[in-house]
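A short worksheet on the structure shown next.
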Amino acid sequence: MKLVSTVIPCYNESSSLKKTYKEVKKVLEELYQSKKYAYEILFVNDGSKDDTLEHIKSLAKQDSSVKYISFSRNFGKESGMLAGLEKAKGEVVIILDADLQHPPYLMKEMIEQYEIGYDQVIARRDRKGENLIRKWLTRCYYKMVNNVMDVELADGIGDFRLLSRRAVESILSMPEYNRFSKGIFSWIGYKKKVIDYENNERIAGESKWNFKNLLNYAVDGIISFNNSPLRLLIYLGLLVTFVCICYVGFSFLNILLFGVDMPGYFTLISAILMLGGIQLISIGVIGEYVGRIYYEVKKRPKYILEETNTEISLEKEKVNDKTGS
Ligand code: UDP
Ligand code: MG
């Protein structure tokens with residue numbers, strides 16, 4: 001029997017956790033009955049401030065297929081998914097959200113596709129129930145991103161996906177600190193299959209995304225996967241230089257033909273403002289990259305484990321015990 005691991009990152013999800021567990025369990029149990037797949041349900045508690053961890057622990061007590069990892073603080077969903085992929089033992093790993101926005105029944109279809117031979121089976125949601133402005137903004141964003149990036153991103157595709165073991169290993173072989181999963185999933189390649197589903201509202205609690213977070217995420221997306229903003233700055237610099245040369249030439253001719261005249265305040269001030277603006281933006285973009293390099297070179301861990309019931313940590317504890325005694 002192959003092992004299916006479901007990885008569920010949770011941050012303040014105590015109100016939806018039990019329901020999610022039940023639904024996931026139901027689907028996995030059906031797969032188990034078909035005698036093809038055993039399963040584990042791996043919760044990653046990302047430093048929740050409510051009693052998510054207590055809920056998870058009580059589930060783990062009743063059900064030995066429930067595994068958990070708990071972080072020492074909130075490290076973000078990217079770290080949560082990474083930890084889940086690292087600790088998952090399955091031949092097949094499925095990542096899904098804890099708020100039931102990723103309908104667990106799709107896992108069956110995902111596994112069918114996996115059996116056909118796909119390494120990544122991706123669930124794509126529609127944008128039902130979202131306001132028009134947001135829809136339009138996201139569409140523009142993806143158009144722009146796909147023009148400048150060297151990996152392809154698609155609208156509606158998130159982290160809800162099935163990964164084969166070799167796809168997981170490929171993801172884990174990317175050691176970067178600034179992780180942008182959408183890009184990473186696309187970058188590793190392999191045969192992909194997309195299946196569509198209807199968007200669901202989250203069942204309880206609140207989304208952790210506000211406008212500021214989304215904007216930051218959008219910038220992350222552009223910057224973490226290529227250096228085309230830097231290239232853009234070079235082009236912009238060239239353009240401005242060209243315009244300046246033309247203008248200087250024009251002014252020089254003007255002086256030769258008509259002599260020197262004083263008025264020129266408007267052109268002067270516009271040139272100063274425009275160049276100042278361009279320089280500030282450029283410094284900002286370069287600063288973004290330098291900032292990223294700063295985080296990469298520090299090589300900090302991407303998360304800190306506080307508690308878990310996976311075997312890996314038990315082995316570690318044994319080693320610690322031996323060295324301690
Ligand atoms: N999540 C997490 N750490 C965070 C924020 C979110 O593990 O810092 C989890 C959250 O519990 C949920 C999933 O990531 O299972 C998606 O989060 P959310 O529903 O807030 O995002 P949305 O569905 O609105 O994109
Ligand atoms: Mg959600």
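Whatever order the structure lists ligands and atoms in, that order sets their numbers, starting from 1. Values below: all heavy atoms of this structure, side chains included; hydrogens, waters and symmetry mates excluded.
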**OP:** Assess the side chains of S282 and Q279: does a donor N or O sit below 3.5 Å from an acceptor N or O?
**Re:** no
**OP:** Say whether E306 and S70, considering side chains only, have a donor N or O and an acceptor N or O under 3.5 Å apart.
**Re:** no
Original post:
Using heavy atoms and a threshold below 4.0 Å, how should the contact between E13 and ligand 1 be classified: side chain, backbone, both, or neither?
Top reply: side chain
Original post:
Looking only at heavy atoms, is any part of N74 under 4.0 Å from ligand 1, and if so is it the side chain, the backbone, or both, or is it neither?
Top reply: side chain
**OP:** Please name the atom of D99, restricted to N, O or S, that is closest to the Mg ion (ligand 2).
**Re:** OD2
Name the atoms and distances for all side-chain donor-acceptor pairs under 3.5 Å in residues 137-145, with sequence neighbours left out.
residue: T138; atom: OG1; partner: R134; partner atom: O; Å: 2.6
residue: T138; atom: OG1; partner: K135; partner atom: O; Å: 2.8
residue: Y141; atom: OH; partner: A218; partner atom: O; Å: 2.8
residue: Y142; atom: OH; partner: K182; partner atom: NZ; Å: 2.6

Enumerated ligand 1 atoms positioned under 4.0 Å from heavy atoms of [X]:
X	value
C10	7 (O), 11 (O)
D99	19 (O), 23 (O)
Q101	19 (O), 22 (P), 23 (O)
A98	15 (O)

Subject >> Heavy-atom nearest neighbour of atom 4 (C) of ligand 1 within options D46, L17, V44 >> reply: D46
**OP:** Determine, using ring centers only, whether F71 and Y303 are less than 6.0 Å apart.
**Re:** yes
**OP:** Would you please determine whether G80 falls within less than 4.0 Å of ligand 1 on a heavy-atom basis?
**Re:** no
**OP:** Please find out if the Mg ion (ligand 2) and some N, O or S atom of D97 are separated by less than 2.8 Å.
**Re:** no
Subject >> Whichever hydrophobic residues join L3 through chains of side-chain contacts under 4.5 Å >> reply: none
Original post:
So is R73 actually on top of F75's ring, under 6.0 Å and inside 45° of the axis?
Top reply: yes
**OP:** Answer whether the closest heavy-atom distance between the side chains of K18 and S58 falls below 4.5 Å.
**Re:** yes
